[in-house]
Undergrad: 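Mind looking over this structure? Questions follow.
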Amino acid sequence: MFRFRRLALAALIPAAALSFGLSATLAQTPSPAPAASASPSPGPTAAPPAAAAAPAPVQTADPFGQETMLEARKVVMVKGTANWDSAFDTLVDAFKALNTLLDKQGIKHAGNSMIVYTSTDDTGFTFLAEIPIDQDPKNLPKDMGIGKSPEGKALKFVHRGSYDNMDNTYEAITNHLDDKRLEAKDTFIEEYLTDPLKTAEDKLVINVFVPLK
């Protein structure tokens, strides 16, 4: 499990390449912070094939390696660390914490929830869980902050299915970059088009963005 995922992320995000403190992240201008799609475009509404046991995350009509421009967005974020074996549960807990904060203050989402991978190794990874907002929340806990996502050129890929089955998607992304001789920045972004708190894990639809140098 996660063999290809680890290889792909390790290729794009050297261990501890972006292992910085939250305060440094919040002080940045639009640079290696997380990103959001200017116009998130989920793939076709048709459900994946019924025999979902064999992972087939990418549908023919879904964007795969599509060039796009990322727009800077204001986000509320929380930094976390996850082991590969419990990765999805850890990400969901981070989204829950952000949603609890926003719900208590009556602040609505201004876009889809995101995960930005900031470093990775054989045992796990560090990440920023983010939610776009138009209104600044108050009384943020010490582990949360407000930042901006970067602008710039990126490639867009789409994954359909469970988080565990994203290995095939990441392997395909790595192969695509190699075939096209493209060089990615030291970051990797997942934008959840389906709410991970309410959607069955095998029904997830996720945009994967790979910013290019």
Side-chain angles (χ1 to χ4, degrees), residues 5 9 12-38 40 70-121 123-152 154 159 163 166 185-199 201 204-211:
R5 189 190 196 74
L9 289 174
L12 290 171
I13 312 172
L18 293 180
S19 183
F20 41 73
L22 184 59
S23 59
T25 304
L26 302 184
Q28 71 184 351
T29 53
S31 198
S37 168
L70 303 175
E71 289 187 351
R73 300 288 300 276
K74 181 189 295 185
V75 295
V76 60
M77 63 179 72
V78 60
K79 186 175 182 179
T81 302
N83 295 321
W84 290 113
D85 290 339
S86 58
F88 186 69
D89 290 340
T90 302
L91 299 184
V92 167
D93 287 343
F95 285 138
K96 285 180 179 178
L98 291 174
N99 275 279
T100 297
L101 172 77
L102 297 179
D103 288 346
K104 284 183 177 180
Q105 300 188 30
I107 298 174
K108 295 182 178 180
H109 293 203
N112 298 311
S113 300
M114 295 175 289
I115 292 293
V116 177
Y117 294 89
T118 53
S119 69
T120 182
D121 58 31
T123 61
F125 57 91
T126 61
F127 66 92
L128 292 169
E130 317 206 339
I131 296 176
I133 52 173
D134 290 328
Q135 177 184 350
D136 290 358
K138 301 177 181 179
N139 304 318
L140 290 174
K142 291 182 179 180
D143 61 341
M144 293 184 184
I146 298 172
K148 280 187 176 292
S149 61
E151 300 174 280
H159 169 81
Y163 185 88
M166 290 183 75
K185 290 184 177 180
D186 293 333
T187 189
F188 213 63
I189 304 151
E190 293 175 356
E191 178 191 26
Y192 288 72
L193 301 183
T194 50
D195 186 345
L197 305 185
K198 300 177 181 178
T199 306
E201 189 183 347
L204 294 173
V205 181
I206 303 170
N207 281 340
V208 180
F209 293 100
V210 180

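Quick note: numbers below take in every heavy atom, side chains included, and nothing from hydrogens, waters or symmetry partners.
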Undergrad: Return the CH2 to OG1 distance between Trp84 and Thr90, rounded to the nearest 0.5 Å.
TA: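 The CH2 atom of Trp84 sits 11.5 Å away from the OG1 atom of Thr90.
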Undergrad: Do the side chains of Phe188 and Val116 get nearer than 4.5 Å, heavy atoms only?
TA: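 SC-SC contact between Val116 and Phe188 ruled out.
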Undergrad: To check you understand the geometry: which heavy-atom pair defines the closest contact between Val75 and Pro132, and what is its length?
TA: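 Closest heavy-atom pair between Val75 and Pro132: CG1-CA, 3.8 Å.
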Undergrad: Grab the two heavy atoms, one from Val92 and one from Pro196, that are nearest each other, plus how far apart they are.
TA: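 In this case the closest contact between Val92 and Pro196 is CG2-O, 4.2 Å.
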Undergrad: Can you check whether Met166 reaches Glu190 side chain to side chain, under 4.5 Å on heavy atoms?
TA: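 When only atoms from C-beta onward are counted, Glu190 and Met166 do touch, with a gap below 4.5 Å.
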Undergrad: To the nearest 0.5 Å, what is the distance between CE (Met77) and CG (Leu140)?
TA: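 Met77 atom CE to Leu140 atom CG measures 10.5 Å (nearest 0.5 Å).
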Undergrad: Under the rule for side-chain contact (heavy atoms from CB on, under 4.5 Å), what residues qualify as partners of Ala97, not counting sequence neighbours?
TA: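 side-chain contact (heavy atoms from CB on, under 4.5 Å) list for Ala97, sorted by chain: Met144.
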Undergrad: Would you compute the distance between atom OG1 of Thr123 and atom CG of Asp85 and round it to the nearest 0.5 angstrom?
TA: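 Thr123 OG1 to Asp85 CG: 10.0 Å, rounded to 0.5 Å.
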Undergrad: Could you pull out all residues at least two apart from Asp136 that satisfy salt bridge (Lys or Arg N to Asp or Glu O under 4.0 Å)?
TA: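 Asp136 satisfies salt bridge (Lys or Arg N to Asp or Glu O under 4.0 Å) with Lys74 once adjacent residues are dropped.
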Undergrad: In Å and rounded to the nearest 0.5 Å, what is the OH to CG distance from Tyr117 to Leu128?
TA: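 It is 12.0 Å, given to the nearest 0.5 Å.
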Undergrad: For Ala129, which residues count as a side-chain contact (heavy atoms from CB on, under 4.5 Å) partner, sequence neighbours excluded?
TA: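 For Ala129 the side-chain contact (heavy atoms from CB on, under 4.5 Å) partners, ignoring immediate neighbours, are Val78, Ala94, Phe95, Leu98, Ile115, Phe127.
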Undergrad: Looking at side-chain heavy atoms only, is the closest gap between Leu91 and Tyr192 below 4.5 Å?
TA: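 Leu91 vs Tyr192: side chains touch.
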Undergrad: I need the minimum non-hydrogen distance between Ala82 and Ala87, along with the two atoms involved.
TA: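 Reported closest heavy-atom pair: CB-CA, 4.2 Å.
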Undergrad: With sequence neighbours excluded, what pairs up with Gln105 under the side-chain contact (heavy atoms from CB on, under 4.5 Å) test?
TA: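 By the side-chain contact (heavy atoms from CB on, under 4.5 Å) rule, Gln105 matches Leu101, Ile107, Pro137, Lys138.
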Undergrad: State which residues pass side-chain contact (heavy atoms from CB on, under 4.5 Å) with Thr199; sequence neighbours excluded, sorted by chain then number.
TA: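 Once residues adjacent in sequence are excluded, the partners of Thr199 under the side-chain contact (heavy atoms from CB on, under 4.5 Å) criterion are Thr194, Asp195, Lys203, Leu204.
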Undergrad: Give a yes or no answer on whether the side chain of Thr120 reaches the backbone of Phe125 with a donor-acceptor pair at less than 3.5 Å.
TA: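 Looks like no, no N/O pair under 3.5 Å.
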Undergrad: Enumerate the salt bridge (charged side-chain N to carboxylate O under 4.0 Å, His left out) contacts for residues 92-120, please, sequence neighbours excluded, ordered by first and then second residue.
TA: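 Salt bridge (charged side-chain N to carboxylate O under 4.0 Å, His left out) check on residues 92-120 returns no pairs.
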Undergrad: Out of curiosity, Met114 CE to Asn207 CG, how far, rounded to the nearest 0.5 Å?
TA: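 So the gap between those two atoms works out to 11.5 Å.
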